[in-house]
Every structure is written in structure tokens, then in C-alpha cells.
J.: 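Before I ask anything, here is the structure I am working with.
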Amino acid sequence: MVTVLMVAGMILAVMLTTGRTVAAEHQVLGTIDAAGTRSVLIRAEDSAGVTADVLERIRGITGIEWAGAFSSAVDATNGAVLDGTRVPVRYAYGDQLAGLGMPEGSPLSGELAYASATALEQFGLPDIAGSITLTTGASYAVAGRITTPDYLAAFEPLVLIPQPEADGSERINVLVVIAERPDLVAPVSAAVSSVLAADDPSKVTVQTSEALAHLRSLIRGQLGTFSRGLVLALLSITGALVAVLLYSLVMMRRRDFGRRRALGASRGLIIGLLLMQTGVLALTGIALGTITATAVSIASRSPVPGISFTFSLALLALTTTLASAFIPAVVASRRDPIRELRVP
């Protein structure tokens, strides 16, 4: 029973301290990631001379998860209400636009527009039924709603007209590149900037989330170091207490182990028996501590650690307990049956 309480207490202490820290870390990192820690935003004026064929040149750059190019904004209104609210529209270039909700292989290639919920509301087309007319006179049917990702939130209300058959000579004003990892933002930004082929580089500005990526790594490193140190300390204390407790129990039950040895029990059987008993008690304590810690966290509305952390902690606690029980088990298996059973 004491072993169960010690293991349960260790699980409870780790989950209510380090577990909360880890859960909070994931929340903080998730918030930072939501701000676009992997994004590179390149803006080019019309006179900069950057064209859509830059997408072909950046294909050879490793570390890029997504890339898309966009033209300058052109105002548009509801096709049925020409004096209605004007909403900016951009032509979109690239072969990864399906991730924004624009299907590939449309039979009306280059003639359909897709808008975010905000843009549809301003157009007065909440049911996605109608068309829009640009100030250039061109008209496009609204074919669907797109979900605006974090890295395009600055362009809301967002309306895009994909151009899958573009020849690459089209002028673009915005190039968005998403790196695979936050630490790749700086090298990806430098590599992309080197292949822009702008006529006037002074008309090009590059915005990156490198500062956010650095902040992300600092937060993760600091919280991770604190969490590891606390877990190791608690596991060490628990392991030492379990070892002392089991050694005491072995000394108290040495005659019992002597009888087992006299009846033919091997040393391996004695060790296995003690480790099995300790493992059952440890699993009971792990279950009790996990349930209690989860209930306390939910009741106090604190962050609850994920399944991976909980499973890893349980496995580590079980391993530590069994390792601590091994030496006392070996001591029990080496008791001399003749000496232990000798009547004084």
C-alpha cells in the first residue's frame, strides 16, 4: 500500500507541476505558431518586375512547405449591384492552392473566384450564388468559400481568382512562402530572395517571422529544461524511497524467502516474484495518480497534459520503480535458507 501511495504521489506531483508546464508550453507555442512563425512574406511593387515564374525557381529550394503568388488587388463588386461595396480581389498563382479550398482541375479554369466568409458577407453573397465584377470590367462567377489561413489573414477580406494556366510572365505583388520548420525561416528567406529576379530590388520588401521563431525556440528550451530537471528530481526521490521500502520489507520477510528457497524456489523465481508484485503495485499507483491529477486539473481549469506525456510519464515511473526494486529482490534471492530457518 505504501508503494502505491508513493508512486501515485509522484505521478500526481509531476502531472500537477511539469505536466501543467508542458501543457502550457504547447498552448503558448500553438499561439505563437498561429501567428505564423514559419512564414516569409515578400511584397513587390509593380515596377519591381517580379513575375509568377519565381514559383518555378523556388521549387529547387529545400525546406519549403507551401508557396503561392498573388497579383496586386483590384476592386470588385457584386455583379448584380455594381454600386455595392468594393472588395479587393487578387489573382492567385501556384499549384498548391487546393489547400486553401480551391479545387484543382476545374472545367472553367481561370474563370472562377473564391472568397472568404468575410468577403462573401461584404459582397452580399452569403449563399455563394452569384458573380463579381472587377473595376476592369471582367466578371467571374463565385464558385466557393475559402478558409483564410493565418499567413493570409492580413489580406482579409480575401478573394482569389486562381490562374492555373498562367505562363509565368504575369506580374505579382505578393509572394508567400511557408517554411517546414521555424528554424528554417531565415535560410529559406535568403534563398527565396536570391531567386526573385527583380528588375529593381529596392522595390522589394521581405517580412519574416524570424523573431517569432527565435522566441519560440527560447520558450521551448527554457520550459523544457525546467520540466526535465523537475521530473528527474521527483523520479530520483521516488526511486530511492521505493528501494528503501522494499529493502526493509525484504529484511522483515527474510524467513519467508528462506522457506521458499528451502522448498526449491530458485533465485530467479524470487526476483521475478518481487518484481511482479512491485510492478502491480506501481501500475495501481500510476492509475490512481493519473486519474486524480486529471480530475484536479479539470476541476481547477488548468491545462491538462496530453496523452503522449501521460503515457511517457507512466512508463518512466514503472521503469524507475522496477529498477529500484531490483537490488532488494536480488538481496532477497540470496538469503541462505538454512540460516533463516535456524531455530535459536
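Because only heavy atoms are used, hydrogens play no part in the values below, and waters and symmetry mates are left out as well, while side chains stay in.
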J.: Is there a side-chain contact (heavy atoms from CB on, under 4.5 Å) between Phe70 and Phe155? Walk through the geometry before answering.
T.: CA-CA 11 Å; Phe70 307 92; Phe155 300 106; 5.8 Å; no

J.: Measure the CD1-CG distance between Ile146 and Leu152 for me, rounded to the nearest 0.5 Å.
T.: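 Reported value, rounded in 0.5 Å steps: 8.0 Å.
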
J.: Where is the tightest heavy-atom contact between Leu160 and Ala92, given as atom of each residue plus distance?
T.: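 Here Leu160 and Ala92 meet closest at CB-CB, 4.3 Å.
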
J.: Sort and list the pairs that fulfil side-chain hydrogen bond (donor to acceptor under 3.5 Å, both in side chains) and have at least one residue in residues 117-133, not counting sequence neighbours.
T.: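 Of all non-adjacent pairs touching residues 117-133, those that pass side-chain hydrogen bond (donor to acceptor under 3.5 Å, both in side chains) are Thr133-Ser139.
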
J.: Going through the checks in order, is the side-chain contact (heavy atoms from CB on, under 4.5 Å) test met by Val192 and Val40?
T.: CA-CA 9 Å; Val192 172; Val40 178; 5.6 Å; no

J.: Please enumerate all residues that pass side-chain contact (heavy atoms from CB on, under 4.5 Å) together with Asp53, with sequence neighbours excluded.
T.: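 Applying side-chain contact (heavy atoms from CB on, under 4.5 Å) to Asp53 gives Thr51, Arg57.
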
J.: Run the side chain to side chain donor-acceptor pair (under 3.5 Å) test against Ser202 and tell me which residues pass, sequence neighbours left out.
T.: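 Testing Ser202 for side chain to side chain donor-acceptor pair (under 3.5 Å), a comparison that skips the adjacent residues, returns Asp200.
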
J.: Give me the atom names and distance for the closest heavy-atom approach of Asp199 to Gly49.
T.: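 The pair with the smallest heavy-atom distance is OD2-CA, 3.6 Å.
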
J.: Mind checking whether Ile64 and Val195 sit in one hydrophobic cluster, side chains of I, L, V, M, F, W, Y counted as touching below 4.5 Å?
T.: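 Linked within one cluster.
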
J.: Flag yes if Val4 and Met276 sit in one hydrophobic cluster, no otherwise; membership is Ile, Leu, Val, Met, Phe, Trp, Tyr, and two members link when side-chain heavy atoms are under 4.5 Å apart.
T.: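 Shared cluster, no.
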
J.: Going by side-chain contact (heavy atoms from CB on, under 4.5 Å), name the residues that satisfy it together with Thr62, two or more places apart in sequence or in a different chain.
T.: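 With sequence neighbours excluded, Thr62 shows a side-chain contact (heavy atoms from CB on, under 4.5 Å) to no residue whatsoever.
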
J.: Of the non-hydrogen atoms in Val87 and Ala119, which two are nearest, and what is the gap between them?
T.: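 In this case the closest contact between Val87 and Ala119 is CG1-CB, 4.2 Å.
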
J.: Under 3.5 Å, side chain of Thr290 to main-chain N/O of Ala287, donor-acceptor pair present?
T.: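 Such a contact is absent between Thr290 side chain and Ala287 backbone.
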
J.: As a quick check of understanding, evaluate side-chain contact (heavy atoms from CB on, under 4.5 Å) for Leu120 and Val159, giving each step before the final call.
T.: CA-CA 9 Å; Leu120 290 172; Val159 183; over 6 Å; no

J.: Of Val176, Val177, Thr205, which meets side chain to side chain contact (heavy atoms under 4.5 Å, CB included) against Leu41?
T.: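 That would be Val176.
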
J.: Students often mix this up, so state it plainly: with edges at 30° and 60°, are the rings of Tyr140 and Tyr91 parallel, tilted or perpendicular?
T.: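 Perpendicular, since the angle between the ring planes exceeds 60°.
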
J.: Counting distance only, does the side-chain N/O of Arg145 pair as donor-acceptor with the main-chain N or O of Ser116 below 3.5 Å?
T.: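 Checked: no pair found.
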
J.: Compare every heavy atom of Pro162 with every heavy atom of Leu97, then report the nearest pair and how far apart it is.
T.: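 In terms of heavy atoms, the two residues are closest at CD1-CB, 3.9 Å.
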
J.: In chain order, what residues pass the side chain to side chain donor-acceptor pair (under 3.5 Å) check against Glu170, with sequence neighbours excluded?
T.: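 In terms of side chain to side chain donor-acceptor pair (under 3.5 Å), with neighbours along the sequence ignored, Glu170 is linked to no residue.
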
J.: Donor-acceptor pair, distance only, cut-off 3.5 Å: does the side chain of Asn173 make one with the backbone of Ser71?
T.: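 Flag not set: sc Asn173 to bb Ser71 has no pair under 3.5 Å.
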
J.: Under 3.5 Å, is there a donor-acceptor pair between the side chain of Asn78 and the main chain of Phe123?
T.: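 Indeed, once roles are kept as given, a pair shorter than 3.5 Å links the two residues.
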
J.: Between Glu65 (side chain only) and Ile178 (backbone N and O only), is there a donor and an acceptor less than 3.5 Å apart?
T.: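 Here the side-chain-to-backbone pair does not exist.
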
J.: Set out, in order, the CA-CA distance, both residues' side-chain angles and the distance that settles side-chain contact (heavy atoms from CB on, under 4.5 Å) for Thr284 and Leu281, then state yes or no.
T.: CA-CA 5 Å; Thr284 304; Leu281 294 175; 5.6 Å; no

J.: Restricting to pairs with a member in residues 90-102, which pass salt bridge (charged side-chain N to carboxylate O under 4.0 Å, His left out), not counting sequence neighbours?
T.: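 For residues 90-102, and leaving out neighbouring residues, the salt bridge (charged side-chain N to carboxylate O under 4.0 Å, His left out) pairs sorted by first residue read Arg59-Asp95.
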
J.: Donor-acceptor check, side chain of Glu45 to backbone of Ser47, threshold 3.5 angstrom: yes or no?
T.: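 No, the answer is negative, given that no donor and acceptor are paired below the 3.5 Å cut-off.
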
J.: Taking all non-hydrogen atoms of both residues, which atom of Val74 and which atom of Leu134 are closest, and how far apart?
T.: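 Scanning both residues, the minimum pair turns out to be CG1-CD2, 3.9 Å.
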
J.: Donor-acceptor check, side chain of Ser189 to backbone of Val185, threshold 3.5 angstrom: yes or no?
T.: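 Answer holds: no.
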
J.: Kindly give the heavy-atom pair with the smallest separation between Ala69 and Leu55, and that separation in Å.
T.: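 Scanning both residues completely, I find the closest heavy atoms to be CB-CD1, 4.0 Å.
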
J.: How about Ile307: does its CD1 atom have over 12 heavy atoms from other parts shown lying under 6.0 Å from it?
T.: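 No, not enclosed.
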
